[in-house]
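Within every chain, numbering begins at 1; the chains are lettered A, B, ... in the order of the sequence lines, protein sequences first and strands thereafter.
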Amino acid sequence: MPLEFEKPIEELEAKIAELEGFAASSGVDLSDELQVLRERLAQLKAETFSNLSRWERVQLARAPGRPTTLDVIGSIMSDFVELSGDRTFGDDAAVVGGLARLEGQSVVVVGHQKGRDTKENIRRNFAMPHPEGYRKAMRLMDLADRFGRPFIAFIDTPGAYPGISAEERGQAWVIAQSIQRMARLRVPAIAVILGEGGSGGALAIGVGNRVLILENAWYSVISPESCAAILWRDAKEAAKAAEALKLTAPDLLSLGIVDRIIPEPDGGAHRNPAAAMAGIRQALLETLAELAHLGPEELFEDRYRRFRGLGQYQN
Amino acid sequence: MALERLFRRRRAQGEARDIPELWTKCPKCDAQIYKKDLETNLYVCPKCSHHLRMPADRRVAMLADAGSFEEITGLKPTDPLGFVDTEPYPKRLERYQREAGRPDAIVGGRCTIGGVPSVLLVMDYAFAGGSMGSVVGEEITRGVEQAAQEGRAVVIVAVSGGARMQEAALSLMQMAKTTLALDRLWARRLPYVSILTDPTTGGVTASFAALADVILAEPGALIGFAGPRVIKQTIRQDLPEGFQRSEFLLKHGMVDQVVDRRQLKGTVAQVLKLLHPSTVNRVG
């Protein structure tokens with residue numbers, strides 16, 4: 001299902017495909033007409049995708065078919081051994097993680113996991129973790145520290161789950177603990193925002209020495225819909241809220257909240273996942289190399305300095 | 001107009017309602033209380049012990065030893081995103097500053113508490129619902145770092161609707177920044193007591209407020225991650241009686257004690273004296 005602003009592009013693509021089919025089957029030479037249409041398509045794509053509003057980017061970040069954490073692990077890593085459970089209460093399918101190899105380096109990886117279809121999304125609670133999900137993440141952080149393996153976190157959540165059971169089991173407490181646990185890692189820590197970076201539920205695994213973000217991902221203190229519901233008293237004003245929140249990758253880079261933008265293929269990662277994966281892999285390898293010369297205490301101090309400097313105020 | 005606004009604001013804060021000025025009504029039991037009595041009773045209803053919201057300055061006076069408080073806060077907020085919703089953020093800030101009488105939602109300083117050298121930080125609900133933006137995050141971080149350097153204990157009184165939307169991701173980053181600062185304190189084995197008051201939710205609960213050595217809560221305070229309205233909308237069910245109140249959190253193991261405000265100073269001082277390194281353990 002195309003997004004609203006993708007429709008003209010999809011229509012034109014369909015028309016081109018139709019003409020190509022007709023030309024092939026009938027033997028009529030339509031190459032001039034096709035050439036014109038292809039040029040128009042390229043122009044339309046360039047216009048649409050170079051002028052995306054912040055709200056349109058939010059929709060790309062949520063587009064069906066966008067690579068999920070398990071897609072990325074499966075594509076750019078090998079020898080993945082998934083590890084489950086928080087050893088306290090249960091296993092949260094909204095958070096996945098385990099051991100894997102990235103270009104010969106053994107790493108510990110964790111991430112929010114969206115479903116690829118409705119059924120899986122329900123099982124995974126639309127990537128909205130309960131406390132046990134964050135406790136699983138903390139277990140994996142312990143593992144990374146104990147075995148001196150780099151820790152890689154993929155962020156893609158609308159937010160931590162706002163429900164009775166989550167509150168009863170201390171949602172705020174585990175998010176705070178997870179932030180603290182990740183901050184204390186004595187190994188290289190990299191966070192990659194794949195799609196949605198929804199508030200504290202995202203930050204809980206976002207305390208990296210470096211924070212990378214895909215070109216069309218978003219990261220903020222609140223979703224545009226919830227922000228609109230509170231400040232405009234109307235969730236339908238989400239587009240305005242998205243503009244005000246400055247939640248896109250370029251916004252966040254200029255504020256120093258992220259360190260690097262990973263480019264996406266034309267039209268977003270869901271239109272060409274392989275190209276997006278190649279970008280993620282390259283960015284991770286370069287970032288790991290950048291951090292490789294830092295010792296355990298230096299890595300901690302590097303992270304302290306990185307987050308210590310964030311915020312704007314007057315004396 | 002101004003008078004009407006004043007009353008509306010006071011009502012919204014749960015501090016007082018109804019004229020005449022000298023008297024106020026308890027929002028819980030409707031008892032008529034002489035305002036002076038309410039103040040001397042630390043804003044606790046003398047009839048039903050309901051804890052009304054207490055102004056930040058009064059909290060400082062209640063917790064710091066008399067004459068010991070020396071303010072260290074005073075940073076001013078900016079508008080890093082050029083945020084405009086139904087009105088521009090700088091306009092809102094001006095109004096909050098006028099209403100609360102301080103530059104942002106926190107006041108803090110060096111003091112002693114029960115004789116123990118401390119840094120006391122008190123959030124102020126009167127300023128934007130105690131929301132945490134860059135200033136609150138920076139003041140807490142500086143206060144904690146300063147305490148670590150000077151060998152002081154830290155006491156933070158939390159009251160907050162959460163992270164401040166108008167500073168968006170920068171507000172979110174304050175959760176990480178304040179949490180990291182606590183490491184400096186832990187490295188020096190200096191105690192940190194967190195006091196959760198009505199309401200403490202969102203990014204404040206989910207960062208420094210939940211990471212204290214000892215967590216105390218005032219009776220009946222709303223404490224949680226998501227606000228009750230959001231939860232209700234998500235699950236489309238009514239919430240159980242007492243959900244997300246201090247007593248609920250005590251039952252679920254999230255806080256150490258629910259303490260009546262009239263005993264709070266004594267409990268805090270006792271904890272600090274038991275944990276602070278200046279109180280040497282005698283053996284035998």
Side-chain angles (χ1 to χ4, degrees), chain A residues 159-164 166-177 179-180 182-184 197 199-204 206-207 219-222 226-233 237 240-241 243-247 251-252 255-258 300 303-304 307-315, chain B residues 74-78 80-86 104 133-135 137-138 141 162-177 179-183 201-203 205-211 223-227 230-231 233-235 237 239-240 243-244 248-249 252-254:
Chain A
Y161 185 62
I164 293 180
E167 294 289 325
E168 280 175 347
R169 300 201 288 276
Q171 188 75 291
W173 274 255
V174 294
I175 289 173
Q177 288 159 6
I179 291 170
Q180 187 171 52
M182 189 161 174
R184 285 178 172 167
S199 197
L203 177 67
V207 193
Y219 190 25
S220 195
V221 72
I222 189 166
S226 303
C227 178
I230 297 169
L231 292 181
W232 281 265
R233 301 189 182 281
E237 300 285 6
K240 282 185 194 164
E243 287 300 314
L245 287 168
K246 306 273 191 293
L247 42 54
D251 294 328
L252 299 164
L255 290 166
I257 288 165
V258 301
F300 170 74
R303 223 174 286 123
Y304 196 101
F307 286 90
R308 180 67 187 84
L310 293 176
Q312 293 188 20
Y313 46 83
Q314 284 177 325
N315 277 313
Chain B
L75 297 175
K76 297 178 201 71
T78 63
L81 306 182
F83 197 100
V84 180
D85 52 275
T86 50
D104 209 303
S134 296
V135 169
E138 182 68 21
T141 303
R164 191 174 296 167
M165 278 181 284
Q166 289 86 351
E167 294 182 34
L170 284 172
S171 300
L172 186 65
M173 294 302 116
Q174 306 312 309
M175 294 169 65
K177 185 164 90 179
T179 296
L180 268 154
L182 294 175
D183 250 79
T201 59
T205 325
S207 60
F208 62 88
L211 295 170
I223 299 162
F225 179 62
V230 175
I231 298 173
Q233 276 165 6
T234 306
I235 62 171
Q237 278 172 38
L239 302 174
F243 177 64
Q244 291 185 312
F248 169 95
L249 286 142
H252 287 280
M254 300 302 154

Nearest non-hydrogen partners of [X] and [Y], listed with the distance:
| X | Y | result |
| --- | --- | --- |
| Trp232(A) | Val84(B) | CZ2-O, 3.8 Å |
| Leu180(B) | Tyr304(A) | O-CE1, 3.2 Å |
| Gln171(A) | Phe225(B) | CG-CD2, 3.6 Å |

What part of [X] lies closer than 4.5 angstrom to a heavy atom of chain B: side chain, backbone, both or neither?
| X | result |
| --- | --- |
| Glu237(A) | neither |
| Leu231(A) | both |
| Arg233(A) | neither |
| Leu245(A) | both |

Study note, to complete from the structure: chain A shares the most heavy-atom pairs under 4.5 Å, among Asp104(B), Asp183(B), Leu170(B), with Asp183(B)
Review point. Which of the residues Ala169(B), Gly253(B), Gly203(B) is involved in the greatest number of heavy-atom pairs with chain A at under 4.5 angstrom?
Key: Ala169(B)
Could you tell me which portion of [X] (side chain, backbone, both or neither) has an atom closer than 4.5 angstrom to a non-hydrogen atom of chain A?
| X | value |
| --- | --- |
| Gln233(B) | neither |
| Pro77(B) | backbone |
| Phe208(B) | neither |
| Thr205(B) | both |
| Ala181(B) | both |
| Leu211(B) | side chain |

Heavy-atom check, side chain of [X] versus side chain of [Y], under 4.5 Å:
| X | Y | answer |
| --- | --- | --- |
| Thr234(B) | Tyr161(A) | yes |
| Arg308(A) | Thr141(B) | yes |
| Leu81(B) | Leu255(A) | yes |
| Glu168(A) | Gln244(B) | no |

Could you tell me whether a side-chain N or O of [X] sits under 3.5 Å from a main-chain N or O of [Y], the two making a donor and an acceptor?
| X | Y | result |
| --- | --- | --- |
| Gln314(A) | Thr78(B) | no |
| Ser134(B) | Gly311(A) | no |
| Lys76(B) | Tyr313(A) | no |
| Lys246(A) | Ala168(B) | no |
| Gln174(B) | Leu310(A) | yes |

Value rounded to 0.5 Å, distance of [atom1] in [X] from [atom2] in [Y]:
| X | Y | atom1 | atom2 | value |
| --- | --- | --- | --- | --- |
| Leu239(B) | Ile164(A) | CG | CD1 | 5.0 Å |
| Met173(B) | Gln312(A) | CE | CD | 13.0 Å |
| Gln180(A) | Met175(B) | CD | CE | 12.5 Å |
| Ile222(A) | Leu172(B) | CD1 | CG | 11.0 Å |
| Trp173(A) | Leu249(B) | CH2 | CG | 5.0 Å |
| Met165(B) | Ser226(A) | CE | OG | 9.0 Å |

